[in-house]
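Read through the structure below, which is laid out as structure tokens, and then see the notes.
Chain letters run A, B, ... following the sequence lines, proteins first, then strands; residues in each count from 1. Given the structure is predicted, the values throughout are model-derived calculations rather than measurements.
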Protein chains: 2
Amino acid sequence: MSTRRRVSNLLGLAVLGLLQESPMHPHAMAAAFRERGLDSAFKLTTGSLYDTVNALLRAGWISAVEITRSGNRPERTVYAHTPLGRQEFLRWLDELLRTPAAEYPKFLSAVTYLGALGKEGAAAALRARSAALRTLIDDARRDHARVVDGGLAPRLFVIEVEYAVRMYEAELGWVEEIITEIETGALEWPQGVATEAGEVRG
Amino acid sequence: MSTRRRVSNLLGLAVLGLLQESPMHPHAMAAAFRERGLDSAFKLTTGSLYDTVNALLRAGWISAVEITRSGNRPERTVYAHTPLGRQEFLRWLDELLRTPAAEYPKFLSAVTYLGALGKEGAAAALRARSAALRTLIDDARRDHARVVDGGLAPRLFVIEVEYAVRMYEAELGWVEEIITEIETGALEWPQGVATEAGEVRG
DNA sequence: GCCCGTATACTCGGATCCGAGCGATCGGAA
DNA sequence: TTCCGATCGCTCGGATCCGAGTATACGGGC
């Protein structure tokens, strides 16, 4: 069916997004990124950034517009999006929004083997997660409120935080239900699916 | 702080999990995997499987127990977990459950640029997603019910499906709220954050 | 005037990931 | 009997990812 994406790293979407506004060199992208908190939605590492920029270049979605140098520092290559790049940005975005993709979050994988920790072990781990989730939610909520209530940016520009919070809350809810079910015995723990106590937190 | 995991691919967790039960060769693992539907929680590709097994071997968490051959087929190397491997399995599991890790789901990244599609474009894409999510949820629910109500396996063994469904539902809820907010105008769409109509679905 | 920490800007090599491909066997239909 | 598709089991090479490393410049304290 649809052939594999020419650039698959999502960082490429972010780069295209930044370049919609103005041409930039990679290091400036990284700075812009962190400044706007985009690095909570995209995984940014310097290595990947340069690789991704090169991939976009090969695909013809961006182009180098100038190479400058100040003093004896390394050259800075400034990139801009091409018309093709703009089109692809929108098409990619549309596809990502439209189609739920199979993802493999670590927690989902771990839950698959929940039984292996034994009732006590599982409950303890989940309690720790529950506490951590609360902190994450509080922090994200606070940040969001600061930006929106402070009029620093329109709500649309931080809408992804609302999504993230909602998902964290859902996870928290589930985790707490399962803790309760373990404690009350509502979740049956079959024989042989358990662990000698104390084997884990050594 | 804590040094990087020796084996980072989560597939390694699944392999360790399978080997808790009995020694196996990689091809059999792949089969067991699919048979139990583990491949919805772990990303399985043949290449990665062999790489992962090798990594586990290097780390000393599994060991080769025999090499058999039937007829002139390729050799089959059968692996078993080591005591260290069992310990690591539990430790890893515990850590994954306990600590929410930064993940970068595609949808979160895409939502960050929701504005770029314009009100109409964004609403259309989200409507499509909403429909797709409903299907996913229905399918997962049906599967879960078949297994549990049919007594094919204890509920604990398919608990991850409950988690997945819960998360899909949360996402669906959010998506539908945003669609409504776009339609009613409750979500303000700042000037200049829009797209010429028809640019996307070419 | 010198030192040191921070910012600028990118490179590099190794680890990881993955899907196409390969050579063999097996079972069933013609 | 012979062919063909399905299954068995693994290999390979290219793509991707990433963090440590490199090299220069700037600024402020003493």
Side-chain angles (χ1 to χ4, degrees), chain A residues 1-15 18 23-35 39 42-59 62 64 66-79 101-104 106 109, chain B residues 1-15 18 23-35 39 42-59 64-79 101-104 106 109:
Chain A
M1 178 118 351
S2 78
T3 162
R4 212 163 140 58
R5 270 224 113 60
R6 314 226 7 221
V7 179
S8 61
N9 191 336
L10 274 194
L11 198 48
L13 186 75
V15 168
L18 284 175
M24 248 185 250
H25 58 105
H27 187 82
M29 293 175 201
F33 243 84
R34 282 187 261 260
E35 193 185 342
D39 52 350
F42 295 91
K43 171 146 200 180
L44 175 66
T45 63
T46 45
S48 300
L49 179 58
Y50 286 88
D51 286 345
T52 300
V53 165
N54 278 324
L56 291 172
L57 201 55
R58 279 199 306 278
I62 66 176
E66 70 172 325
I67 300 180
T68 67
R69 162 182 290 248
S70 60
N72 203 9
R73 289 209 200 136
E75 288 177 347
R76 303 191 299 188
T77 305
V78 177
Y79 299 91
E103 316 226 23
Y104 303 86
K106 296 174 200 289
S109 301
Chain B
M1 180 117 351
S2 77
T3 162
R4 213 164 140 56
R5 272 222 111 61
R6 313 221 15 216
V7 179
S8 62
N9 192 336
L10 275 193
L11 198 47
L13 186 76
V15 167
L18 284 175
M24 248 185 251
H25 58 105
H27 187 82
M29 294 175 200
F33 243 84
R34 282 187 260 261
E35 193 186 342
D39 52 351
F42 295 92
K43 171 147 200 179
L44 173 67
T45 61
T46 45
S48 299
L49 179 59
Y50 286 87
D51 286 346
T52 300
V53 164
N54 277 325
L56 291 171
L57 201 55
R58 278 198 308 277
V65 294
E66 71 172 324
I67 300 180
T68 67
R69 162 183 293 249
S70 60
N72 202 10
R73 289 208 199 141
E75 288 177 346
R76 302 191 300 188
T77 307
V78 177
Y79 298 92
E103 317 225 23
Y104 303 87
K106 294 174 201 287
S109 302

Worksheet entry | Nearest-angstrom distance from the residue atom CZ of B/Arg76 to P of C/dG23 | 21 Å

Item to complete: Could you check which of C/dC17, D/dC10, C/dC10 has an atom nearest any side-chain atom of B/Asn9?
Response: C/dC17

Practice prompt. Would you kindly compare B/Leu10 and A/Gly47 by the position of their nearest DNA chain C nucleotide and give the one closer to the 5′ end?
Written response: A/Gly47

Practice prompt. Apply side chain to side chain contact (heavy atoms under 4.5 Å, CB included) to A/His27 and list each qualifying residue two or more places apart in sequence or on a separate chain.
Written response: A/His25, A/Tyr50

Fill in: Nearest-Å distance for atom pair CG/P, residues A/Asp39 and D/dG19
13 Å

Worksheet item: Is B/Asp51 side chain donor-acceptor paired with the C/dC18 base, going by distance under 3.5 Å alone?
Response: yes

Worksheet item: Nearest-Å distance, CG (B/Leu57) to C1' (C/dT16)?
Response: 17 Å

Worksheet item: Quick one: is C/dC18 close enough that its OP1 or OP2 comes under 4.0 Å of any side-chain N or O from B/Ser48?
Response: yes

Worksheet entry | Side-chain N,O (B/His27) to OP1/OP2 (D/dC8) below 4.0 Å | yes

Worksheet entry | side chain to side chain donor-acceptor pair (under 3.5 Å) partners of A/Thr77, counting only residues at least two apart | none

Discussion item. Less than 4.0 angstrom between a side-chain N/O of B/Arg58 and OP1 or OP2 of C/dT16, yes or no?
Written reply: yes

Discussion item. Rounding to an integer number of Å, can you tell me how far A/Phe42 CZ sits from D/dC17 P?
Written reply: 14 Å

Worksheet item: Do the side chains of B/Tyr79 and B/Val53 get nearer than 4.5 Å, heavy atoms only?
Response: yes

Discussion item. Just to verify, what does A/Thr46 make a side chain to side chain donor-acceptor pair (under 3.5 Å) with, not counting sequence neighbours?
Written reply: none

Discussion item. Working to the nearest 0.5 angstrom, can you tell me the gap between A/Lys43 NZ and A/Asn9 CG?
Written reply: 10.0 Å

Discussion item. Taking only side-chain N and O atoms of A/Lys43, does any of them lie within less than 4.0 angstrom of OP1 or OP2 on D/dC17?
Written reply: no

Practice prompt. Rounded to the nearest angstrom, tell me the gap between atom CG in A/Asn54 and atom C1' in C/dT11.
Written response: 11 Å

Worksheet, complete the sentence: Bend of the helix from C/dG1-D/dC30 to C/dA30-D/dT1 from end-axis comparison, five pairs per end, nearest 10°, comes to 0°

Worksheet item: Base, sugar-phosphate alone, or nothing: which one does A/Thr46 contact when heavy atoms must sit under 4.0 Å apart?
Response: base

Discussion item. If the condition is side chain to side chain donor-acceptor pair (under 3.5 Å), which residues does A/Ser109 pass it with, not counting sequence neighbours?
Written reply: none

Item to complete: Taking side chain to side chain contact (heavy atoms under 4.5 Å, CB included) as the test, write out the residues that go with B/Leu44, two or more places apart.
Response: B/Leu11, B/Ala30, B/Phe33, B/Arg34, B/Leu49

Worksheet item: In whole angstroms, how far is the C1' atom of D/dC10 from the CG atom of B/Leu44?
Response: 14 Å

Response to the item:
When rounded to whole Å, the OH to P distance for the pair A/Tyr50 and C/dC10 reads 4 Å

Fill in: Gap between atoms CG and C1', on A/Leu11 and D/dT16 respectively (whole Å)
12 Å

